[in-house]
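First comes the structure, then the notes that go with it.
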There are 2 protein chains.
Amino acid sequence: MRDNIRAAAVQLFAEYGYHAAPLRDIARMAGIQAASIYYHYANKEALLVEIMETHMRHLNANLERILREQHDPLKRLYEAIANHIRLHTSYKSEFFIIDTEIRALEGENRRYILSLRDHYESLLQELLQDGMEQGTFRLSDIKVTSYAIIAMCTEVSTWFRPSGRLSVQQVIDMYSQMITQGLLSLSPGAQSLEESERT
Amino acid sequence: MRDNIRAAAVQLFAEYGYHAAPLRDIARMAGIQAASIYYHYANKEALLVEIMETHMRHLNANLERILREQHDPLKRLYEAIANHIRLHTSYKSEFFIIDTEIRALEGENRRYILSLRDHYESLLQELLQDGMEQGTFRLSDIKVTSYAIIAMCTEVSTWFRPSGRLSVQQVIDMYSQMITQGLLSLSPGAQSLEESERT
DNA sequence: GTCTATATGAAGATAGAC
DNA sequence: GTCTATCTTCATATAGAC
């Protein structure tokens, strides 16, 4: 029943938002009365925290494993992107909640979830830092680059449909190429903004 | 007073979320009673719609002007990125609301705001399509590429601080470089994933 | 573990005076 | 244009029976 409640909460939090999803609706979807939820969870916020914690820890554990097992910067980056997109498409609703409801948390809960997110960012930044030191990656602002990568890969959870046109693997490959090689069709420097002004 | 109310709403919607921001607090911040808001706005949702509409139209109008006045794909893309980031840093809270509270809208209001967002996406997709046909941009999935660009540039509104380390112009240049050239330090093809496995 | 019944508070919105 | 007073509804949460 605990799992039923959590599954119902995931669905309703994602669809209407945390504050707009009444406990009564979560209970009805789980097949019990609202009061019965309090036997399983201390309050509504505990439900939200558990959803967020579970999947943030999952995301972090995977990236830690990748950094431990893999040392080539390019392969590390590919695996990091793949991990991020695989989880954000497998647990669409859960990550959408993580992405939009952190401000619904208060005090200690908020600090805890933010610390998990900060840890994820620092792991990715470590990956980028190492890749720049090894000369694989262009020198760039590490924080900003990490935010950009996370933002674009996270947003996949808002539009991806399992039954849609693209497979998860195709999306991973597209994002990996976009992040490493960019949009330009020519080699870097062959056509800069200044040069193109002459054409 | 209408402007005072809207300004208060922007601040509280952005900080606590639409549903968690009581009209009474918005009224207090504007220096009036809650009931007085109804002289200026039909209801709470009308306030949200006006905030979203104003800035989405602004964003769209700018991009339409860029496409009209500029025809080089690379310059168009740079201007599109600059427009997006300038507005998302100048009106941080407003765009953060647009980004997170669309699901708080109902029926016609929701459809209307989504149509403005769809229009923006289609303008960017037109830019990308043209750039690929001209050979300036690598061939890639246009929808996915547009989502990725929008996502990374939009998220700037969540971390950018006017008093922070980076100027708006620096952020624009970083994102522009990231989007056009990617992360790799070598020319495309010079170091593929397969080749790097040999090192 | 789940129920019914209920406490308690706060939300959005309206009526009508000034 | 703004106020006070209030309607109505609905929220989270608790108490105690079964």
Inset, instruction - Just jot down the ring pair (Phe, Tyr, Trp, His ring centres under 6.0 Å) partners of B:Phe137, sequence neighbours excluded, or say none. - result: none
Legend entry - Residues in ring pair (Phe, Tyr, Trp, His ring centres under 6.0 Å) contact with A:Tyr91, at least two apart in sequence or another chain: A:His55
Whole Å only: how far is the [atom1] atom of [X] from the [atom2] atom of [N]?
X: A:Lys44; N: D:dA13; atom1: NZ; atom2: P; answer: 8 Å
X: A:Leu47; N: D:dA11; atom1: CG; atom2: P; answer: 16 Å
X: A:Ile26; N: D:dT12; atom1: CD1; atom2: C1'; answer: 11 Å
X: A:Gln33; N: D:dT14; atom1: CD; atom2: P; answer: 17 Å

Inset, instruction - Tell me, yes or no, whether the heavy-atom count around A:Phe160 atom CZ, taken from other residues, nucleotides or ligands under 6.0 Å, exceeds 12. - result: yes
Legend entry - Close side-chain approach of B:Ile149 to B:Tyr175, heavy-atom, < 4.5 Å: no
Inset, instruction - Apply side-chain contact (heavy atoms from CB on, under 4.5 Å) to A:Ala7 and list each qualifying residue two or more places apart in sequence or on a separate chain. - result: none
Inset, instruction - Could you check which of D:dT4, D:dT6, D:dT14 has an atom nearest any side-chain atom of B:Arg24? - result: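 Of the candidates, D:dT6 comes closest.
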Inset, instruction - Would you confirm whether the ring centroid of B:His58 sits within less than 6.0 angstrom of the ring centroid of B:Phe95? - result: no
Indicate yes or no: does [X] engage [Y] in a salt bridge with an N to O separation below 4.0 Å.
X: B:Arg65; Y: B:Glu79; value: no
X: A:Glu50; Y: A:Arg2; value: yes
X: B:Arg103; Y: A:Glu101; value: yes

Inset, instruction - Check whether the side chains of B:Tyr78 and B:Asn83 place a donor and an acceptor atom closer than 3.5 Å, and report yes or no. - result: no
Legend entry - Polar contact flag, side-chain donor to acceptor under 3.5 angstrom, B:Gln177-B:Asp173: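 Side-chain D/A pair, B:Gln177 to B:Asp173: absent.
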Legend entry - Opening and closing nucleotides of DNA chain C in contact with chain B, under 4.0 Å to non-hydrogen atoms: C:dA11 to C:dA15
Legend entry - Close approaches to DNA chain D from residues 6-23 of chain B, in residue order (heavy atom, under 4.0 Å):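 Per residue number, the list is empty: none.
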Inset, instruction - Compute the bend angle of the helix from C:dG1-D:dC18 to C:dC18-D:dG1 from the end axes (five pairs per end), rounded to 10°. - result: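 The end axes of the helix from C:dG1-D:dC18 to C:dC18-D:dG1 are about 10° apart, to the nearest 10°.
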Inset, instruction - Return the 5'-most residue of the pair B:Glu45, A:Ala34 with respect to DNA chain C, ranking by each residue's nearest nucleotide. - result: A:Ala34
